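No experiment lies behind these values; they were computed from the predicted model shown. Note that ligands are numbered from 1 as they come in the structure, with each ligand's atoms numbered from 1 the same way.
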Amino acid sequence: MKVGYYQNDPIFGDKQANFDEARKVLSGKTADLIVFPELFATGYTFTSKKEAAQLAETSEGETAAFLKEMSEETGAVIVAGFPEVSDSLVYNSAIMVYQDKVIDTFRKIHLFNKEKIWFTPGNQKLSVHEVKGIRIGMMVCFDWIFPEVTRTLALKGAQIIAHPCNLVLPYAQKAMTTRCIENRVYAVTTNRIGRETRGDDDFTFTGQSQITAFNSEVLSSAPANETHFDVVEIDLSNADNKMVNDHNDVLKDRRTSFYEIMD
Ligand code: ACM
């Protein structure tokens with residue numbers, strides 16, 4: 001099973017240029033799953049709610065069409081971030097496509113910083129989709145800091161977490177080694193690179209996209225400031241074995257009666 005990522009440096013607002021760059025990088029590449037960054041074709045640093053809405057699309061828009069083309073080109077299930085409009089609300093979403101089909105979208109649950117101004121928080125339950133024999137869960141960027149998200153996806157059977165990101169803080173890649181080992185799942189955390197100075201904001205994105213194994217091993221780590229594509233071979237059946245040793249199962253050994261949930 002080959003899983004990979006495409007770490008890019010999008011030009012803000014120029015979807016066609018960002019599609020063309022991805023087309024060039026993915027030409028002739030093959031994989032089973034490829035993860036793109038959060039908001040990979042629009043850029044991140046919006047200056048108004050209106051601007052986010054103007055760049056947003058439905059799950060059957062031009063970005064979905066482009067990703068279906070990339071799925072046909074590579075043979076891969078593709079997961080990528082885009083601003084999704086639905087019933088006049090705009091979400092920071094990930095979309096999963098395979099061949100000529102949209103499998104699902106996931107609307108980021110935990111919005112980061114000013115995303116709380118531009119976007120509506122996700123309103124759908126976390127779910128896992130089996131495509132090409134791979135059980136895939138999606139989360140978007142800052143969802144990583146809430147361990148409940150990866151745990152829920154693991155409990156729902158995910159073998160691999162597709163994790164589009166636009167990271168500006170240096171913590172997520174390290175944290176994903178813990179997220180993976182505590183759930184014995186794989187993860188593809190795909191970040192972008194580059195700097196965006198727009199409105200009052202000046203963000204430098206930290207690259208270092210990462211493929212993390214069920215045992216916390218880092219299987220691929222991208223450079224911090226170059227566009228990058230990589231694919232690694234993994235044995236997904238490792239994610240079906242939740243035993244840390246002969247006596248400990250990371251899911252079944254949970255003692256939920258001791259976990260007081262405080263809203
Ligand atoms: C982030 O959630 N884009 C940091």
Original post:
Which residue pairs pass the side-chain hydrogen bond (donor to acceptor under 3.5 Å, both in side chains) test with at least one member in residues 168-178, sequence neighbours excluded?
Top reply: none

Original post:
Would you call Arg23 and Asp20 a salt bridge, taking side-chain N to carboxylate O under 4.0 Å as the test?
Top reply: yes

**OP:** Check ring pair (Phe, Tyr, Trp, His ring centres under 6.0 Å) between Phe146 and all other residues, then give those that pass, not counting sequence neighbours.
**Re:** His110, Phe142

Original post:
Can you list the residues that meet the salt bridge (Lys or Arg N to Asp or Glu O under 4.0 Å) rule with Arg107, with sequence neighbours excluded?
Top reply: Glu84

Original post:
Salt-bridged, Arg135 to Asp240, with N to O below 4.0 Å?
Top reply: yes

**OP:** Below 4.0 Å from any atom of ligand 1, which residues have a heavy atom? Give them in chain and number order, please.
**Re:** Glu38, Tyr44, Lys108, Phe112, Glu115, Cys141, Phe142, Asn166

**OP:** Establish, from distance only, whether the side-chain atoms of Asp230 and Ser220 form a donor-acceptor pair under 3.5 Å.
**Re:** yes

